[in-house]
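Indexing begins at 1, ligand by ligand and atom by atom, following the structure's order.
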Amino acid sequence: MALLNDHFLKLPNNYLFADIAKKVNAFKAQHPKVDVISLGIGDVTQPLCPAVIEALHRATDEMATAQGFHGYGPEQGYDFLRDAILKNDFLARGIRLDRDEIFVNDGAKSDTGNFQELIRWDNSIAVTDPIYPVYIDSNVMIGRAGVKGDDGRWSNVIYLPCTAENGFVPELPSQRVDVIYLCYPNNPTGTALTREQLRQWVNYAIRNDALIFYDAAYEAYIQHDDVPHSIYEIKGARRVAVEFHSYSKTAGFTGVRCGYTIVPKEVTVATLTGDRVPLNPLWNRRQCTKFNGTSYLSQRAAEAIYTSEGRQQVAATIDYYMRNARHMKQTLRSIGLKVYGGDDAPYLWVQTPADMSSWRFFEQMLYNAHVVCTPGVGFGPSGEGYIRLTAFGTRERTEEALDRITSFY
Ligand SMILES: *Cc1c(COP(=O)(O)O)cnc(C)c1O
């Protein structure tokens, strides 16, 4: 008899976006003629840039020849891409890394979910609240999160509220924690941490022997000089942080699948007998066992982002989304809503008017403005009273959505 890993039964049944889809479909069934605009789910809309498309075509043609065919590649990624990452994303910012501290992946979701395999189930974890659900759910699956209470909080998870009251800057935990998940610029709130604010966290981790999992998926959207693109811009971070990157939001790779994870050689964790073990060789061992590499085509596509054409084209698309974000923020503020984020990230975090619940405001937006947003409470208890809007829409649809919200409001 095969016995279940019954931690899976603790997972909430419904995935947030499935709940939303159900409500939207119910609305559409009742109002078949109404055109609904989605500013909800976090997928991009603009196509891949020409430099990436050319690289994909070239790589495809290579694969059609005996000499150019690529089968299994290195589990850690091809050197051509790791070198491009090293040079452009790190050396250019004064950060020194070794090539074998870079692990190319098939997107940051897999690695942010998988990396927790390397630490014991009984570590304590802290998360900012609201949060990208993958961090908690992957810990639930291994039994680390405990049980979910009626208040929506997991018993073994320390929640660090990020709300308008604290300016969306999490306070350092008052109790001991072993592992901290940080995502900046943040999904869902769209807010960022300055270098000084992130330094507090790195210093905390050093003082308290904690490990930081840092998700930098929205790094390319940063507009302000005092916002760090990588946690390794902070002195000492190489000893305490693992960092996850993704080309999904940077270059529209949500369907191509490629990103990378940085595991510095200095990051160590303790054994029960107090020895220190570096994570880098263990992650390498794990990847060689469970991962057979990101496709050659995806890695050639990612390499093209770092050419001068690629960089310009990718920057133009990010500009396009960030212009949406600015316009959304201005318009929504001008009609009296409290709006946060959107300055260094493609998300706006909007406070619901008159203390309305997230889901209630979601329904008002759907039924009155025919615009789909994401209820903030779906990202954690501190998201109650907020909704998330994305700037990933096309210009035309975003404008149209703003017009509708303005006239309904
Ligand atoms: C979109 C997103 C990612 C990227 O996931 P991929 O698997 O690379 O597509 C990672 N982290 C956060 C917080 C995200 O919103």
Side-chain angles (χ1 to χ4, degrees), residues 15-17 20 38-46 48 52 77 81 85 89 102-116 125 127-139 160 162 168 170 180-193 212-222 227 229-231 241-262 287 291 293-295 298-299 301-302 305 314 317-318 321-322 325 341-342 344-349 373-374 376 378-380 383 388-393:
Y15 186 49
L16 173 63
F17 291 102
I20 294 173
S38 177
L39 298 179
I41 203 157
D43 201 352
V44 296
T45 53
Q46 297 304 296
L48 295 169
V52 164
L81 179 56
I85 291 168
D89 289 347
I102 302 172
F103 296 85
V104 175
N105 62 33
D106 62 357
K109 189 187 217 178
S110 325
D111 279 10
T112 51
N114 291 333
F115 208 90
Q116 48 77 32
I125 64 164
V127 297
T128 56
D129 170 30
I131 189 201
Y132 180 57
V134 176
Y135 312 145
I136 291 196
D137 287 0
S138 57
N139 279 288
L160 309 167
C162 296
F168 302 94
I180 303 151
Y181 284 87
L182 295 177
C183 170
Y184 285 98
N186 188 256
N187 176 13
T189 65
T191 57
L193 287 188
I212 297 176
F213 290 149
Y214 194 75
D215 186 340
Y218 295 93
E219 161 274 312
Y221 287 83
I222 293 172
V227 176
H229 289 254
S230 163
I231 196 169
V242 171
E243 182 168 277
F244 305 96
H245 285 254
S246 166
Y247 298 112
S248 286
K249 318 300 167 20
T250 305
F253 272 40
T254 48
V256 176
R257 312 306 305 144
C258 194
Y260 62 89
T261 298
I262 304 294
Q287 289 297 79
F291 185 58
T294 305
S295 87
S298 297
Q299 293 190 65
I305 297 169
V314 162
T317 305
I318 289 173
Y321 294 136
M322 288 310 282
D344 293 288
Y347 295 117
L348 291 129
W349 193 241
C373 61
T374 313
F379 299 102
R388 188 191 72 174
L389 294 175
T390 89
F392 285 135

Could you verify whether a donor N or O on one side chain and an acceptor N or O on the other, from Asp215 and Thr112, lie under 3.5 Å apart?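 Per modelled atom types, Asp215 and Thr112 side chains form no pair under 3.5 Å.
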
Indicate whether the side chain of Tyr221 and that of Tyr321 have a donor and an acceptor atom separated by less than 3.5 Å.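 There is no such pair between these side chains.
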
Please identify each residue that fulfils salt bridge (Lys or Arg N to Asp or Glu O under 4.0 Å) with Glu219, with sequence neighbours left out. Arg93

Kindly tell me which protein residues have any non-hydrogen atom under 4.0 angstrom away from an atom of ligand 1, grouped by chain and ordered by number?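 For ligand 1, the residues that come within the 4.0 Å heavy-atom cutoff are Gly107, Ala108, Lys109, Tyr132, Tyr135, Cys183, Asn187, Asp215, Ala217, Tyr218, Ser246, Ser248, Lys249, Arg257.
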
Ignoring hydrogens, what is the shortest heavy-atom contact between Gly252 and Leu48? Give both atom names and the distance. O-CD2, 3.4 Å

Spatial distance of atom CG (Asn105) from atom CG (Asn114) [nearest 0.5 Å]: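 The CG atom of Asn114 is 9.5 Å from CG of Asn105, to the nearest 0.5 Å.
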
Can you tell me how far apart CZ (Phe213) and CD1 (Ile180) are? Round to the nearest 0.5 Å. 10.5 Å

